[in-house]
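Report on the following structure.
From a predicted model like this one, the values you see are computed outputs, not experimental measurements.
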Amino acid sequence: MSAPPVHLSYETGGRKEYCLSFGAADATRTVLILPPLFDEMNRTRRVLVQAMRALVPAGVRTLLPDLPGCNESLADLSAQSLAGWRRAATDCAGQLLATHIASVRGGCLIDDAATLPCWRLAPVKGASLLKMMLRTRIAADKESGVSTSAEQLLATAKTAPIELSGNLIGQKMLSALDGAEPVAEA
């Protein structure tokens, strides 16, 4: 029988956000998992949850937070920034007593503020994520008979949020992604 989930919440930016957990609350190790960002999260959530369940017999408690604007969050995604998500990760780690962080792909862009031991799986630069989402949007537009370019989309984003890979992304997030890099390993 697989371990049952525990439904928790943490507070960040004046609102409560959801956090899925597996394992005993009194575990000596609690790993905060910072998932890939945007559409990559949708493709990896099940794998992350299976990994969380697999760590329960080893006595490890795991946490998988919903970042503001993502999944069950009622926050507006287009108003989010990497700095806000970094703050959310830090708030979640502190409030739910994380002892370690495991970040995956884009999650590696927001894992440095909590100052906990960190394991990074396949870190990716923000510019790479942004380019991938822009290419996806351009291909979808082309399939619909609309001709767009990355330059046009980024120009539009200066005045209003744009939809990229199913996510309505605002200017703050786009600007931050363009220059974001995972923290170099020491």
Sequence neighbours excluded, every pair satisfying ring pair (Phe, Tyr, Trp, His ring centres under 6.0 Å) that has a member inside residues 163-182: none
Residue pairs, two or more places apart or on separate chains, that pass ring pair (Phe, Tyr, Trp, His ring centres under 6.0 Å) and touch residues 56-82: none
side-chain contact (heavy atoms from CB on, under 4.5 Å) between Leu64 and Val49, intermediate numbers included: CA-CA 8 Å; Leu64 181 62; Val49 170; 4.2 Å; yes
Common cluster, Met41/Tyr10, ILVMFWY with side-chain heavy-atom separation under 4.5 Å: no
With sequence neighbours excluded, tell me which residues meet side-chain contact (heavy atoms from CB on, under 4.5 Å) with [X].
| X | value |
| --- | --- |
| Leu168 | Ser78, Pro161, Glu163 |
| Ala93 | Leu32, Ala98, Ala114, Leu116 |
| Ala157 | Ile162, Gln171, Leu174 |
| Thr99 | Arg29, Thr30 |

Take atom [atom1] of [X] as the centre, draw a 6.0 Å sphere, and report whether it contains more than 12 heavy atoms from other residues, nucleotides or ligands.
| X | atom1 | result |
| --- | --- | --- |
| Leu74 | CG | no |
| Gln152 | CD | yes |
| Glu143 | CD | no |

Partner set under salt bridge (Lys or Arg N to Asp or Glu O under 4.0 Å) for Arg15, not counting sequence neighbours: Glu17
Test side-chain contact (heavy atoms from CB on, under 4.5 Å) applied to Leu129 and Leu109, step by step: CA-CA 11 Å; Leu129 288 177; Leu109 298 172; 4.1 Å; yes
Sequence neighbours excluded - side chain to side chain donor-acceptor pair (under 3.5 Å) pairs with any residue from residues 125-138: Arg137-Asp141
Nearest heavy atoms of Leu63 and Ser21, plus distance in Å: CD2-OG, 3.6 Å
Contact summary for Arg120 and Cys108, nearest pair of heavy atoms: CB-SG, 3.7 Å
Inter- and intrachain pairs under salt bridge (charged side-chain N to carboxylate O under 4.0 Å, His left out), touching residues 82-99, at least two apart: Arg86-Asp112
Of all pairs that satisfy salt bridge (charged side-chain N to carboxylate O under 4.0 Å, His left out), the ones with a partner from residues 39-50, not counting sequence neighbours: Asp39-Arg43, Glu40-Arg105, Arg45-Asp66
Partners meeting side-chain hydrogen bond (donor to acceptor under 3.5 Å, both in side chains) with Thr62 (sequence neighbours left out): none
Donor-acceptor pair, side chain of Thr44 and main chain of Val47, under 3.5 angstrom: no
Counterpart residues, ring pair (Phe, Tyr, Trp, His ring centres under 6.0 Å), relative to Phe38 (two or more places apart): Trp85
